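First up is the structure itself, then whatever we jot down about it.
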Protein chains: 2
Amino acid sequence: MASPKIVSQEAAPDRSLVRGRDTKALILDAAEALFSVHGYDAVSMRNITSRAGVRLALATYHFSTKESLFESIIARRAEVLNERRLVALGAILDRGAPTVAQILTSFIKPYLDLRVSRDVGWRNYSLLIAQLAQINRWLPLVDKYFNPTAHRFHEALCAALPELPKPVVSRCFVFAIQLMVSELAGNERIDTLSQGALSGNDVKQVYLDLIPFLVGGFEAIARREAASG
Amino acid sequence: MASPKIVSQEAAPDRSLVRGRDTKALILDAAEALFSVHGYDAVSMRNITSRAGVRLALATYHFSTKESLFESIIARRAEVLNERRLVALGAILDRGAPTVAQILTSFIKPYLDLRVSRDVGWRNYSLLIAQLAQINRWLPLVDKYFNPTAHRFHEALCAALPELPKPVVSRCFVFAIQLMVSELAGNERIDTLSQGALSGNDVKQVYLDLIPFLVGGFEAIARREAASG
DNA sequence: GTCTATAGGCTGATAGAC
DNA sequence: GTCTATCAGCCTATAGAC
């Protein structure tokens, strides 16, 4: 009586847990796609589970509440992004004292690479992050998942600009983060303003202008401080 | 029988219309304050009318739908802002060929001045605009109310940078708009990143760094183009 | 222009069977 | 881990009296 049951367990061990992992990912992907386009409050748990092809009750079973589902979405890709950024930063620090351009590149390039990768989830994620960055309600989440890494880059920038007061470096860095987040989300304001000559969705093209623009901003502030001090 | 009625009409003509104007403004102010903090979808018509101290039915009576109420909010202050910007632009154009710094200043300074004015509605409005700028859903509204003025500044920038291809000017201008919108909303990301040394709410301080940063960005891109062409 | 009352539908979250 | 069914409450918008 017992032995057939054991054999069957070994042949297909704990299939319910495996299904659970798939379900979780399906819900995360669907929610990420919907939140990124419509915003957190415009999307219902029914919208999400219906897109994911699972039953309503599974969303709260796996994620408890809508808010904690949202946080799980942020956390999932933040881990990947933070690690890639820290690897890039470590690489240039190993080669000696890096320039501002190198530090900004090691912060932004990993984001761009993921954003244009085959995994379209990163496109949705970038839209989500752009919204996070604009609504103070989500600031605790931003701080929790992105500040530890951001502080490492902040330190590197301070080391590269020893003559600048720390708060001035903070300000420029926040300018850079804010512009990166908005522009790599694929902001389409430029489409009409340039009368069709450019598209905000072409983020690779945006990136080519973004880095020199930001470096120029840092340098201008540094020049001003040098002149006034 | 008729004459007393006429006298009374002249003494207090059409009081219901007057009340209607007050009610409209009360609803606009309440909606602006709530939308700016919580976002469009998180705020209900009940929230709005309750904050305004008027009955629910009055909101749809005066504004038809929630979306058109939202558009009325955007339109109300856009007219004021656009006019101030065009006056500032006209002033520097009258004095001859303006620099990039002067053009950006005439675009951003009127926004800052209103943002820090006694009318706290402008603070709420700046938060609203920052959200508009980030969600493609509202792009038609942004284009409708802000593009005509933006195009005037775009032309001035092209004239000030004749050696730059127009799309490159568009790109830099969109960078400037985007950063202005985010930063003058009082983005508080800097509060934790600078470990309390700065506050994003101090937008006058932000402004002092914003203009040179942006001008430095324009100049860096211009240098790159000059070197490559 | 303002009021009350309500239609018709959606919301997040849960209970309890399997 | 997944299912059905449901609770209790909220939503936008409107009808019709005053």
Side-chain angles (χ1 to χ4, degrees), chain A residues 5 8-35 37-74 137-138 141, chain B residues 5 8-35 37-74 137-138 141:
Chain A
K5 195 182 173 190
S8 129
Q9 274 183 346
E10 284 172 0
D14 226 342
R15 182 162 300 281
S16 60
L17 277 176
V18 172
R19 261 211 290 166
R21 265 200 292 280
D22 289 354
T23 301
K24 276 186 99 155
L26 283 171
I27 293 171
L28 282 171
D29 289 341
E32 185 177 61
L34 290 172
F35 284 150
V37 173
H38 304 101
Y40 178 80
D41 295 292
V43 174
S44 71
M45 296 296 261
R46 280 171 176 79
N47 296 151
I48 294 166
T49 51
S50 143
R51 182 183 173 120
V54 305
R55 305 284 167 181
L56 173 63
L58 288 179
T60 44
Y61 172 77
H62 284 291
F63 297 99
S64 307
T65 65
K66 188 184 174 186
E67 276 218 23
S68 101
L69 164 59
F70 187 70
E71 179 165 350
S72 298
I73 295 169
I74 303 303
R137 167 183 185 187
W138 301 119
L141 244 50
Chain B
K5 196 183 173 189
S8 126
Q9 273 183 347
E10 285 172 0
D14 225 342
R15 182 162 299 283
S16 61
L17 277 176
V18 173
R19 260 210 290 166
R21 266 199 292 279
D22 288 353
T23 301
K24 275 185 100 154
L26 283 172
I27 293 171
L28 282 170
D29 290 341
E32 185 177 62
L34 290 171
F35 284 149
V37 173
H38 304 102
Y40 178 80
D41 295 291
V43 174
S44 71
M45 297 296 260
R46 278 173 175 77
N47 296 151
I48 294 166
T49 51
S50 143
R51 182 182 174 122
V54 304
R55 304 286 167 179
L56 173 64
L58 289 178
T60 45
Y61 172 77
H62 285 291
F63 297 98
S64 306
T65 65
K66 188 184 174 186
E67 275 218 24
S68 101
L69 165 58
F70 187 70
E71 179 165 350
S72 299
I73 295 169
I74 302 303
R137 166 183 184 184
W138 301 119
L141 244 51

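Since the model is a prediction, treat every value here as computed from it, not as a measurement. Just the heavy atoms: all of them, side chains too, but no hydrogens, waters or symmetry mates, feed the values below.
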For this session: Report yes or no: does Ser64(B) contribute a side-chain atom to a donor-acceptor pair with the main-chain N or O of Thr60(B) at less than 3.5 Å?
Result: no
Show me the donor-acceptor pairs, under 3.5 Å and distance only, between side chains in residues 50-59 of chain B and residues at least two apart or in other chains.
none

For this session: Check DNA chain D against residues 25-33 of chain B and give the residues with a non-hydrogen atom under 4.0 Å, in numerical order.
Result: none
Exercise. Distance from Ile73(B) atom CD1 to Glu71(B) atom CD, nearest 0.5 Å?
Worked result: 10.5 Å
Problem set entry | Nearest-0.5 Å distance that lies between atom CD1 in Ile74(B) and atom CD in Glu32(B) |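 Separation between the atoms: 8.0 Å.
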For this session: Taking side chain to side chain donor-acceptor pair (under 3.5 Å) as the test, write out the residues that go with Glu67(A), two or more places apart.
Result: none
Problem set entry | Residues in side-chain contact (heavy atoms from CB on, under 4.5 Å) contact with Ser44(B), at least two apart in sequence or another chain | Arg46(B), Asn47(B)
For this session: Tell me, please, which residues at least two apart from Ala42(B) pass side-chain contact (heavy atoms from CB on, under 4.5 Å).
Result: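 Per chain and number, Ala42(B) pairs via side-chain contact (heavy atoms from CB on, under 4.5 Å) with Asp41(A), His38(B).
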Problem set entry | Any Ile27(B) side-chain heavy atom under 4.5 Å of Thr23(B) side chain | yes
Exercise. Given side chains that start at C-beta, do those of Ile48(B) and Leu69(B) come closer than 4.5 Å, heavy atoms only?
Worked result: yes
Exercise. Bend across the helix from dG1(C)-dC18(D) to dC18(C)-dG1(D), to 10°, with axes taken over 5 pairs at each end?
Worked result: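 Roughly 0°, once rounded to the nearest ten degrees.
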For this session: Quick one, give me the B/S/- string for nucleotides 3-18 of chain C, reading 5' to 3', where B means a protein heavy atom under 4.0 Å from the base and S means that only happens at the primed atoms, P, OP1 or OP2.
Result: BB------BBBB----
Exercise. Got a sec, which pairs hit ring-ring contact (aromatic ring centres under 6.0 Å, His included) with one end in residues 40-67 of chain A, sequence neighbours left out?
Worked result: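 For residues 40-67 of chain A, and leaving out neighbouring residues, the ring-ring contact (aromatic ring centres under 6.0 Å, His included) pairs sorted by first residue read Phe35(A)-Tyr40(A), Tyr40(A)-Phe70(A), Tyr40(A)-Trp138(A).
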